[in-house]
Amino acid sequence: MAIGEPDRPLRVAIGEDDVLLREGIARILADAGVEVVSQSGDADDLLRRTLAYRPDVMITDVQMPPDRDDDGLRAAMELRRREPGIGVLILSQFCEPAYVMQLVGERPEGIGYLLKERVGDVAAFVDAVTRVAAGGSALDPEVVARMLGRRPQGDPLRQLSARELATLAAMAEGKSNLGIAQALLLSQASVEKHVTAIFRKLRIAPADTEHRRVRAVLTYLRADDRRR
Amino acid sequence: MSGDERATQVVEVATAELDGLRALAEERAALLRVAELVAQDGSPAEVFATVVTEASRLLRGQAMTLSRFEGAGELVVVASCYGPAPVGDRVVFEAGTLPDRVLRRAAVVRVDDYAGERDAALARSYGLGAAVSAPVTVSDAVWGMLTATSASQPLPPGTEDRLAQFAQLIAVAVGNSQARTELTTLADEQAALRRIAELSARGMSADDVLRAVAVEGSRLSGVDFTTVLRFEPDGSTEIVAIDGAPAGVVVGMRASAAGDGAVQQLWRTGRAARVDDLAGVAGRWPQIAHRAAFTASVAAPILLQGALWGALVVVSRDHPLRRGIEDLLVRFADQVGIAISAVDARLRLRALADEQAALLRVAELVARGAAADEVFVAISDEASALLGELPVALMLYDDAGAVVVATCNCPAPVGLHVPFSAGTAIDRMYRTGKPAHMDTYDDTPLADVTREVGITSTTAVPIIVEGRVRAALVSSNVAATTRTAVEARLAQFAELAAVAIANAETQAKLTASRARVVATADETRRRLQRDVHDGAQQRLVHAVIALKMARNTVEVDSAASGFVEEALTNVERASSELRDIVHGILPRSLTHGGLRIGLESLVGGVTLPVDVRVTTPPRLPTAVETTAYFIVAESLTNAVKHSRARSVSVSVDLEGDTLVIEIRDDGVGGADATRGTGLTGLLDRVDAANGSLTIISAPGEGTAVHAELPVDIPGDQRAPADALQGW
């Protein structure tokens, strides 16, 4: 199932202090053929185990013991600093673009941020884990919508048509052109046309691979942050 | 007798008669020349010079001197022809001497041999052997005398008559000129008084009127330096007006009652006084005048309602002031008193008004709730200005002593800590709660400190708050004479300082209690957020996940499927709503990411385009971040709900140690800030942060919310309210 190494199953470490949810996630992933190498109820334990087992993806909650603050997020950032090759998928009850931006830093590769309830959409959830493991991105649509928000006058995003905005949001989520076409009920050709228009209007250098497209969008949003 | 003999006799007789006639003619001619001169209103000096010359010639070149009596025992030489003493020479004479006899008898006196006279030694020093003097009598008073002298021989008989005739002419000339001078003086005096009266009537300032008095004083007495001085109850004086002052002598200068100058004599006797030679005369004023090359002075009393108010002092540069000028000055000063009484009333009124105005300014500051340290500075400044730029310091007591917190014209630096030590004003006042004075710091532990900063004496009043001596208003180097007045004025300022301190403490307590309320509320929010996160929100997430899983296990289009879908929709909506509610309670982006990120996240959820500009450092104190966030959040909510704005701009800047927050929309404006906006609910929070919040919302011009929050940057000076805590 794992991309790139078909003969080896995808390996994940899970950090979640809510035992029921943790077990549920583990079962969903196991049923999908993902190997859950460790389960932790606090962030320190999660980081230790992740560094020891070196899974493909670390899945973690944000608010966790020991401090019950942003411990999970801090563990994720520490992991990215020490092991940039291991993907991080945040499962959170907060719809906070700030967390996403902070986690992304200058590098959107291998990052996911989903609201916890997305776990119930098993196929989409497993797909997100797989994308993150492969160095792609998986951002929650609700978070992306908040990031793209209402833009002030003079903001280049206001030049985009409704279709183009929807396409941009889907791109930011980490979807491929095919995925976008399916989600928006468009032909792939239309999607490609929108993508080209977006890059032109936002003055972003065109890019082919999927995670570079996410990077382009996030880079744009970050630069926008700084500009404001 | 032969014919020749007879003829010789006739010739002799005739010759003698002719000589006599000739002499008589000469005498008549001389007298006529003088008389003509007098008739032509020749100046006295000219008449005097002519008289002595003619008289001397008539007496065959005999030495001739005209002198004027000054007071009871003195003569001044006013004209001389071959005389033993030069013009201007003064001769003091004793009783029984020739001048004394002339003066008392008003008759011609002859001395044929000075050897037997009382003033033989004096006469010898002048080279005199004999003399004849005739009195010059003007208006029934002996004005002077005309004297013929010889070195040895007695003067010839007949000298008396001749001198007497010339003396009469002199008397006429003097009488004429004196009358004229008196008339002129009177006219001058009246003109001077009229000018002063006009100034008073025109409502000129006191300074102008007093200065006019000084100018007229100079003009009347023909000097270049005149001052008007006011007496304090102890006899010390202050210059209130001045004309032709030497460099460095200014209005406001003071001198003690000590010394022998004309002013001090006047203070002691109540009468006009003079000093003819200022050299070596004790007292500040004589010394100042002498240093500036003045030689003589006369002071005349200025009375106000019968009491001595001050002195008019004329100072002359190169000669003693003429006799009798006292009378002129006394008359002038008398009239001036009337003008001054009006001015004095105005002065007092103005002083009172100044005092009230100064107190009012400070009181307004206190009432406005200005920071205590601002009030302290104002009190020092106003008190010092009111007390003629005396040094003033405000000191706060602590456990060990008192520290200077505000000064004006004071040598002691702000921050100077004066420890308690027995006997000092600071110490006594702390224990007694009463005003205290220190005449000297010698022999106290503070001798060195005070000497270093130039403090010789102290007049201080306590500042008492709720029965405790908390601070002191201190003035240094106050003249002993003005101490009571200074103390009374300081006391008034001390009362205001006490109110300011009490206000500041009440305010500090209020602010602290509000801050506690806000902090408690913030903590409650955090706990609530966490509880919801770990409780209801988590269970809803479970429910969503479970229902989604269930959806996969039931048959599509079955009845169960419908129920599951409906349940899922409801639960997802509940979860989403709860997420928004939790976000509203205290957004994670704010607590985690700081104000900028919190606001970014906030505007992401607003249905209006919002331009956010945050230039602050990434993190600020939590309370400030939270307050700023809620101000923006509430303003945005209002803009969305009420303003019909097309866009909103938000700016947050740190200016010095103040966080400036501004939210502007382009909507309809006209928001009533007093009700209906959730912003008023934030006022407690803003007050607790010692901040301010204003809403400007003119109809049709959009709404602008402007808030300022002080940011207590670590390492910065403590806020004034804090500084007041704990002492």
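Throughout, a chain's letter reflects where its sequence line sits, starting with A, and its residues are numbered from 1. Here the structure is a predicted model, which is why all the values come from computation and not from measurement.
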Pick from A:Glu117, A:Gln93, A:Lys116 with the largest number of heavy-atom pairs that fall under 4.5 Å of chain B: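 Winner by heavy-atom pair count: A:Gln93.
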Roughly how far, to the nearest 0.5 Å, is the CD atom of A:Glu96 from the CG atom of A:Leu103?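 The distance works out to 13.5 Å.
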Going from CD1 on A:Ile59 to CZ on A:Phe125, what distance comes out if it is rounded to the nearest 0.5 angstrom?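 Between A:Ile59 CD1 and A:Phe125 CZ, I get 4.5 Å after rounding to 0.5 Å.
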Anything in residues 542-565 of chain B with a heavy-atom distance to chain A below 4.5 Å? Please list those residues in order.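 Expected list: B:His542, B:Val544, B:Ile545, B:Lys548, B:Met549, B:Arg551, B:Asn552.
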State whether B:Phe630 and B:Arg525 meet the cation-pi test: NZ (Lys) or CZ (Arg) under 6.0 Å from the six-membered ring centroid, and within 45° of the perpendicular axis.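 Yes, a cation-pi geometry.
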For A:Asp69, is it the side chain, the backbone, both, or neither that has a heavy atom closer than 4.5 Å to a heavy atom of chain B?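 Contact with chain B involves both backbone and side-chain atoms of A:Asp69.
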Assess whether side-chain contact (heavy atoms from CB on, under 4.5 Å) is satisfied between B:Glu634 and B:Tyr629, documenting all intermediate values. CA-CA 9 Å; B:Glu634 197 56 50; B:Tyr629 177 90; over 6 Å; no
Do B:Asp665 and B:Arg646 meet the salt-bridge criterion of a basic N to acidic O distance under 4.0 Å?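 Not counted as a salt bridge, because no side-chain N and carboxylate O are separated by less than 4.0 Å.
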So, [X] and [Y]: side-chain donor and acceptor under 3.5 Å apart, yes or no?
X	Y	answer
A:Ser92	A:Tyr113	yes
B:Glu662	B:His706	yes
A:Ser40	A:Asp45	yes

With only heavy atoms counted, which part of B:Ser576 is less than 4.5 Å from chain A, the side chain, the backbone, both or neither?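 Just the side chain, heavy atoms under 4.5 Å.
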Select one option (side chain, backbone, both, neither) describing which atoms of B:Arg588 are under 4.5 Å from chain A's heavy atoms.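 Backbone plus side chain of B:Arg588, per the 4.5 Å heavy-atom cut-off to chain A.
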